[in-house]
Each structure stands twice: as structure tokens, then as C-alpha cells.
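Chain A is the first sequence line, chain B the second, and so forth, proteins listed ahead of strands; every chain is numbered from 1. All figures in this text were calculated on a predicted structure; none of them were measured in a lab. For the numbers below, each heavy atom of this structure counts, side chains included, while hydrogens, waters and symmetry mates do not.
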Amino acid sequence: MNLKRLLTERLEAALAAAGAADAQAIVGPATRPEFGDYQANGAMAAAKHLQQAPRELAGALIQAADLDGVASAATVTGPGFISLTIDDDLLARALTGPIIERLAGQRVVIDYSHPNLAKEMQVHHLRSTIIGDAVARVLEALGHTVLRQNHIGDWGTQFGRLVAHLDDIGEDADRLTDLESFYTQASSRFDAEADFAGRARQAVVNLQTGDPATLARWQRYIDISMSHCQAVYDALGVSLRPEHVRGESAYNADLDGIIQDLDAKGLLTESDGALCVFPARVSAKYTDQFKAKDGRPVPVIVRKSDGGYLYHSTDLAALRYRADTLNAERVLYIVDARQAMHFRQLFALADVAGYGAGVSFEHHPFGTMLGRDGRPFKTRQGGGTRLLDLVEEAKARARALVEAKNPDLSDAEMDDVARAVGIGAVKYADLSKNRTSDYVFDWDAMLSFDGNTAPYLQYAYARIMSLFARGEVDPESATGPLAVDAREEHVLALQLARFQETLELVASSVMPHHLCTYLYELASAFMRFYESCPVLGSDAEASRLLLCARTAATLKDGLDLLGIETIDRM
RNA sequence: GCGCCCGUAGCUCAAUCGGAUAGAGCAUCGGCCUUCUAAGCCGACGGUUGAAGGUUCGAGUCCUUCCGGGCGUACCA
């Protein structure tokens, strides 16, 4: 049940009846406890349009709105706020209905992770992978059809030297267990050996022209590199599977056709031998955009002077595929903020070419990773920033903590807890921040288990499961009825009822940190309730067991949507 | 040069379409385990939201200028 939407609908109906049909109710959680559960701020703006006194309009709206069974109290406060208290009967219904309500879904493509297969996955691949995966899960839970697209970097000049190197040392897969050093070797040979460099360049040509032997070797390399990625996904609990892979190479065959189509539409300009599109020249919409220093329009190069293609061409082909073949209504690109310009150009290109009309293409950026010195993060020679290393260190640190906190657990249980807590902490550290600006990569901060972290949420869950175990009660059987008495019970019940609106906010904003904040506040509300309200054996046991069961289920569902495990004991 | 993003407590971060007295965690200090997990709870301390103007009933949020930082800026992705 979406309480915010319910209140919005009721109040906006009243606004329309009052003559402000377009006015918004602007409903949100109350900023202070004395202002009730929700507040509506829309009366003040509407009053200005209607030339009425804000407080009088707010009062009239309360009278006119159908709030029976929804709000048990509605009052005008301050300059014209409407303070609303949710009816306990409605709360009771919200807490016994489905935890997540499925909506009429859209077809949504999510482009995330997109590792470069020339190397192993590094920590800077974490954000796209983790954020994209959480968004995909939330959208799916809300009833959308989610089409994951892992646009891997499996094509380009660097693969010439990798194939040539693989050619020289043989196809023994063992030599590829350390992709980092393999790539380093291939690169240094390219710089040092003229003969090798020549064969690497020839390999690129062979790849582009479809030479079977070269393609087979390339495929061999891609398969091994991709299996490394899959191992990281599996270790991290990321839902990406091989069937979601559709990399740059998949669009190779479309590129000539794209160029012909752009040419047929009269969009191409040749400049210094390269084929370009100038959005500013072909559409008045873009005249003020894409300007260089002297006011000249900046081109989007779709084919290099040597006939080769660039990521604009490949991404354009991918965009068209997603719109036309996958029938996407919405395409989300979870990509580093440094590519903001690229996406503005790409979307402009698609617009003037007439690709994906009516489809919502959205670039959702995140910040660049910095080192602890605040300087842009650079990959150190010899690794140390591999994602797999991060996962292992996270589990080791969590394991040490578990052994100290709860030595009674079995060895297998400790492993489970270490995995859930360690990986959960790493993912939560990334998901809980909404930084479009840069962020600092810090092992200690990322692996901290104190405060607003995944272990806090997991601990709240484990405490509830422990309660049910101790009371020998099946959480499924805890169906109430809800009887709200203590302040802590009301706060907890209200927070539980806000899960749906939070998920919808994440889906529309593509910002999973809202879900993190929600779950932290939920766990926090539960901890306070749990400290002050005895459950087992109390007069209010049935109601409190319902609150506990519902909290556990919501925490579990919410963490699951973030890709974080729960454990019954920790 | 131009463009985009950012600047909030000592540190890391919140603040939904512009709403009421800007909130958390960490750190520091002080309390709470003979009853449901102390990985917890309660309290204290901590702010001229980079600066100055402007718009508004109301600005961390919008506009202008400046300061500081990051990134991008035609054949890498």
C-alpha cells in the first residue's frame, strides 16, 4: 500500500474541487513528530494562485477531502501546512496486506557493469555493477519487465595485442588465470617488439574482417575473461548471468548499416576524413549545445578517418537495438559521470536520426573513484585493487569479527555470516551514498561494521529471528491483530507501511540510497521498539509479534533487493 | 577558454517538486546487560550549508557573480 499516493490522490481531488485542478498536494513524511505522520505542503502554493488565505484554503481542503479511514487527524499548522495522522485501522490493513504491490509494468533496459574484458574487474567497476543490480531488482519486484544488458568491452584495438600474445604462448588456459599480468605482458611487448606490434595490428584487421582463426582465438580469450567476471558476480551475489551479456562486438555487423542510414538521412558530414554528425547543425534544438571554444559546433564522430568505428557508433547501434528489438520503453545507463557528455551526444544523435522515439533514455551517473590522497585513483601495477581481492578481504575481516563476537557459532555458520556481513558491508557502503561527485576509495570505511551499515540491518533481522526461535513461534503465524499503543509501536508500524512508496521512489529516481536510508530507519525504529516494548509474554504479544514478523520480512525483502543476504544468527 | 558535476558538523554522508527548529553514522565524553543477541539502546558535544547579492510567504535546494575542487572538451572507451 502506498500511503503517500493515497493521501496525494485524496487531497488533489479536493484541490481540484476547490478550483486548483493542476495544483499538487506535495505530500511527504512529516518533518517533526508533533506534525503527525505526513504533511501536505501544496495548499500554500495553490492559495497564491487562487488568491486565498493559505490557512483558510488548507482548512477547506481538510473539510472537502475524503479522509475517512485514511487519516484519523488532519490539522492546519504553521502558515498553511496540512498535518496528517494515519488512521490505525489503515495501518493495520497496510501491515497485513502484501509487502510489495506490483504495478502495471514497463519494459526497462538496464545497462550496467559493462566490464572491460582486456583486464580483470577492478574496484572501480563496483559502483555500476552494484547500483545497476539493485535498481534491476527493485524494478522487477514492482512488476516491471527488466532486461539486463551487460555491454562488455570485448572489441577494439587492444584485443589485437591480446590475441597476438595468446597466439604466441598457446591456448593453454592456465596462462590466463592472471589476466592482469597477461595484459601487462601483451602491452609491453607491443611497445618493445616491432614484429609483435605488427602482428597485433594485423590481428585487429583480421578480427574486423572476420578471419575465422583470429575470431576463434579472440573468442577463447573472451570466454576466459568473462568467466573471471562471472566468478566476481557470483562472489558478490550479483544477478548478472551470461545471457545478459551483449557486448560491443555484438553490434559490429550493424555499424555499416548505421552509417548508411545516417547518410541516407543527410546527417553525415566529412571532416578531416572522419564521418561526423553535427547535432547543432541538423536540429535547431541543439544549436546552443555542443560548442567548442571558438563557438564552432562539436561533432560526434561516427567513423574514424581510417574507417574504424568508435563507441558512439557502437552505442548508437545498441540504443537502436534496445528500442526496436527489445522494445524498451525506458533505458537506464548506469555509467560513470565522466561520460555525461558522451551520453548527451548519443541521445542527441539518436534524436536527430529518429531512433527510439518515445523511449526514455536516461544516463544515471556516479562519481569517479579517488585514492585516499584525494587524487584520481590509479590502478597500481600488479593489482591490489582487484574486485575479487576486495571480496576476499571483506570476508576475512568479517570472519575475524564474528569469531570475536559470537564464538559459539559452528565453523560453517561463521563462514555464512562472514560472507553475508563482509560482502553486505561492501555493497551497502556503495549503495547508501548518492554521490554524483567523486568519492574516496577507503578500505577501512568500506569494511566498517559500525553504525549505518549492512551489519546493523542484518543484526536487527537476526535479533527478530532469535526472538521467534526462543518463543517457538512461526513468523508466518504472527498475523496480529495490530494494536498500536506505545509511541515506539506507532513509529515502527508507520515506517513499515512506507516500504512501497520507498521502492517506487527508487524506481523513479534510480537512486538505491533511498532504500538504504529507509531500511536503516526501519531497523533503528525496531531497535527502539525492542528496547522499550517486551514482546514474549506481554499483554500485547499478538500485535507485537506481528510488528516483529513484518519488520523481519521487510528487512529481508529490502536487503534482498539491494543484493544483500540476511542470516538468522550472527 | 568553454561545458558538466560538486562544495553541508573534525571525518564520511542524508535532507523527495523550494517547506516548519538542516539530520544520521564515525570520532570524543557520560550513562544502560540477574528478562526476548550490548554488532544494541539513551544522553552530551559538534553548523554563518564555500562567499556575497537576488527571487519567494518560505532557499542547503532556484537565479547572478566570485572562491575552491573534480571531470570532460573531434578520431581511446
Does the pair Tyr321(A) and Tyr251(A) meet the rule for a ring pair (Phe, Tyr, Trp, His ring centres under 6.0 Å), with working shown?
CA-CA 9 Å; Tyr321(A) 170 79; Tyr251(A) 301 102; 5.8 Å; yes
Walk me through whether Asp444(A) and Arg397(A) qualify under salt bridge (Lys or Arg N to Asp or Glu O under 4.0 Å).
CA-CA 10 Å; Asp444(A) 292 331; Arg397(A) 289 200 191 206; 3.2 Å; yes
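Distance noted for atom P between U35(B) and A20(B): 42 Å (whole Å). Taking atom C1' in both U48(B) and C2(B), the straight-line distance is 33 Å, to the nearest Å. Look at the C1' atom in both A9(B) and A24(B): the space between them is 11 Å, to the nearest Å. On the P atoms, U56(B) is 16 Å away from C63(B), given to the nearest whole Å. If you take atom C1' in U21(B) and the same atom in G58(B), they sit 14 Å apart, rounded to whole Å. Here, G31(B) and A15(B) have their P atoms 36 Å apart, quoted to the whole Å. Using atom C1' as the reference point in both A74(B) and U65(B), the two lie 33 Å apart (nearest Å). Taking atom C1' in both C66(B) and G7(B), one finds a spacing of 14 Å when rounded to whole Å.
Of the side-chain N and O atoms in Arg435(A), one or more sit less than 4.0 angstrom from OP1 or OP2 of A14(B). Using a 4.0 Å cut-off, some side-chain N or O of His514(A) falls inside it from OP1 or OP2 of A15(B). Neither OP1 nor OP2 of C76(B) sits under 4.0 Å from any side-chain N or O of His312(A).
Phe35(A) comes within 4.0 angstrom of a nucleotide base, judged by non-hydrogen atoms across all strands. His114(A) comes within 4.0 angstrom of nothing in the nucleic acid, heavy atoms only. If you check every strand for non-hydrogen atoms under 4.0 Å, Glu248(A) touches sugar and phosphate atoms only. Across all strands shown, Tyr461(A) has no heavy atoms under 4.0 Å from either base or sugar-phosphate atoms. As judged by a 4.0 angstrom heavy-atom cut-off over every strand, Thr269(A) is placed among residues making no nucleic acid contact. Nucleic acid contact for Asn116(A): none, since no nucleic acid atom lies under 4.0 Å from a heavy atom of the residue. Note on Ala274(A): a base of the nucleic acid sits closer than 4.0 angstrom, heavy atoms only. Among the atoms of the strands shown, none is found under 4.0 Å from any heavy atom of Thr157(A). At the heavy-atom level, Glu34(A) lies under 4.0 Å from base atoms of the strands shown. Across all strands, Ser509(A) comes closer than 4.0 Å to no nucleic acid atom at all (heavy-atom distances).
Base orientation of C17(B): syn, the glycosidic angle falling within 90° of 0. Taking 90° from 0 as the syn/anti boundary, the base of C33(B) is oriented syn.
Per the geometry, CG belonging to Asn41(A) stands 15 Å off P belonging to A59(B), to the nearest Å. In this structure, Glu270(A) places its CD atom 16 Å from P of C75(B), rounding to the nearest Å. Distance Tyr428(A) OH to G25(B) C1': 10 Å, rounded to the nearest Å. Atom CD of Glu521(A) and atom C1' of U16(B) are 12 Å apart (whole Å). For the pair Met44(A) CE and A20(B) P, the interatomic distance rounds to 9 Å; values are reported in whole Å. Regarding Leu505(A), its CG atom lies at a distance of 10 Å from the P atom of U16(B), rounded to whole Å. Across the protein-nucleic acid pair, Asp306(A) atom CG and C76(B) atom C1' stand 12 Å apart, rounded to whole Å. Atom pair Gln39(A):CD and U21(B):C1' shows a separation of 13 Å (rounding to whole Å applied).
Side chain of Arg338(A), nearest nucleotide from A74(B), G70(B), G72(B): G72(B). The side chain of Thr436(A) lies closest to C5(B) when the candidates are C5(B), U16(B), A77(B). In the set A20(B), A74(B), A14(B), A74(B) carries the atom at the smallest distance from any side-chain atom of Cys276(A).
To the nearest 0.5 Å, atom CZ of residue Phe366(A) and atom CG of residue Leu126(A) are 9.5 Å apart.
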Produce the list of close N/O pairs, under 3.5 Å, pairing protein atoms with atoms of nucleotides 42-44 of chain B; give distances to one decimal.
none

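Within 3.5 Å, no donor on the side chain of Thr517(A) pairs with an acceptor on the base of A14(B), nor the reverse. One donor-acceptor pair, N or O on each side, does fall under 3.5 Å between the base of U16(B) and the side chain of Lys4(A).
Each of Pro29(A) and Ser432(A) lies near RNA chain B, and the nucleotide nearest Ser432(A) is the one positioned closer to the 5' end. Residue whose closest nucleotide on RNA chain B sits further toward the 5' end, between Ser524(A) and Arg344(A): Arg344(A).
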Which dot-bracket string describes RNA chain B (Watson-Crick N1-N3 plus N6-O4 or O6-N4, or G-U N1-O2 and O6-N3, all under 3.5 Å; [ ] crossing; | other strand)?
(((((((..((((.....[...)))).(((((.......))))).....(((((..]....))))))))))))....
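Each of Tyr520(A), Tyr428(A), Phe526(A) was checked for a ring-ring contact (aromatic ring centres under 6.0 Å, His included) with Tyr456(A), and the lone residue meeting it is Tyr520(A).
Looking at every heavy atom in both residues, Val27(A) comes nearest to Ala40(A) through CG2-CB, 4.1 Å. Between Gly36(A) and Thr85(A) the shortest heavy-atom distance is CA-OG1, 3.9 Å. Of all the heavy atoms in Ala425(A) and Ser448(A), the pair that sits closest is CB-O, 4.1 Å. Shortest non-hydrogen contact noted between His114(A) and Asn150(A) is N-OD1, 2.9 Å.
Under a 3.5 Å cut-off, the side chain of Tyr221(A) and the backbone N or O of Leu117(A) do form a donor-acceptor pair. Judged by distance alone, with hydrogens and angles left aside, the side-chain atoms of Ser313(A) form a donor-acceptor pair with the main-chain N or O of Leu310(A) at under 3.5 Å.
Residues Glu504(A) and Arg5(A) are paired through a salt bridge, judged by an N-O separation under 4.0 Å between the basic side chain and the carboxylate.
Within a 6.0 Å sphere centred on CG of Asp22(A), heavy atoms belonging to other residues, nucleotides or ligands number 12 at most.
At a cut-off of 3.5 Å, with distance as the only test, a side-chain donor of Glu362(A) or His364(A) sits close to an acceptor on the other residue.
A cation-pi geometry, defined here as NZ or CZ lying under 6.0 Å from the six-membered ring centre and within 45° of its normal, holds between Arg498(A) and Tyr38(A).
For Phe81(A) and Phe35(A), the gap between ring centers reaches or exceeds 6.0 Å.
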Can you give one letter per nucleotide of nucleotides 32-39 of chain B, 5' to 3': B if a protein heavy atom sits under 4.0 Å from the base, S if only from the sugar-phosphate, - if neither?
----BBSB
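By the 30° and 60° cut-offs, the orientation of the rings of His342(A) relative to Tyr311(A) is parallel.
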